[in-house]
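Below is one structure, written out as structure tokens; the observations come after it.
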Amino acid sequence: FLGFSEQWQYNLRNRLESRILPEIGQTPCSAFDRRRLYQYYFGLKERGLCHATIWKYHSVLCLVGDACVEGGRLRDNPFR
């Protein structure tokens with residue numbers, strides 16, 4: 001995270017703080033399965049986000065899941 005550009009870090013933090021944390025931040029990563037993840041993505045689509053933007057949110061969730069795996073909190077990344 002810290003090795004990326006300041007703009008990239010800003011965009012990532014903005015996605016986390018604007019939508020991800022308020023909407024699903026209280027749900028543990030281990031509680032996510034394909035159905036729950038798709039519900040979240042379809043909800044973003046219903047609110048008017050385009051596919052490219054939803055993909056960016058997916059990328060952020062993948063990074064969060066990777067960090068959980070690397071930190072030993074999860075065995076597998078549920079977002080991949």
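Keep in mind it's a predicted model, so treat the numbers as computed, not measured. Along the sequence shown, the residues carry numbers beginning at 1.
Atoms OG1 and CZ, from T53 and R19 in turn, are 9.0 Å apart once rounded to the nearest 0.5 Å. Once rounded to the nearest 0.5 Å, the distance linking CZ of F79 with SG of C29 reads 4.0 Å. In this structure, L16 CG and Y57 OH are separated by 9.0 Å, a value rounded to the nearest 0.5 Å. Remark: E6 CD to N11 CG distance equals 12.0 Å, nearest 0.5 Å. From L61, atom CG reaches atom CD1 of I20 across 4.5 Å, with rounding to the nearest 0.5 Å. Taking CG from L44 and SG from C50, the interatomic distance works out to 11.0 Å, rounded to the nearest 0.5 Å.
Under the 4.5 Å side-chain criterion, counting only non-hydrogen atoms from C-beta, P78 is in contact with L74. Side-chain contact between T27 and R36 is present, with at least one heavy-atom pair separated by less than 4.5 Å.
Linking ILVMFWY residues whenever their side-chain heavy atoms come closer than 4.5 Å, directly or via other members, places F42 and L37 in the same cluster.
Taking R35 as the reference, D33, Q39 meet the side chain to side chain contact (heavy atoms under 4.5 Å, CB included) condition, with sequence neighbours excluded.
Sorted by first and then second residue, the pairs that involve residues 42-67 and meet salt bridge (Lys or Arg N to Asp or Glu O under 4.0 Å), not counting sequence neighbours, are E23-R47, D66-R80.
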- Could you walk me through whether D76 and V69 pass the side chain to side chain contact (heavy atoms under 4.5 Å, CB included) test, one step at a time? CA-CA 6 Å; D76 297 312; V69 170; 5.6 Å; no
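Residues H58 and Y41 place their aromatic rings such that the two centres sit under 6.0 Å apart.
Of all heavy-atom pairs spanning F32 and I24, the tightest one is CZ-CD1, 3.7 Å.
A donor-acceptor contact shorter than 3.5 Å links the side chain of S18 to the backbone of N14.
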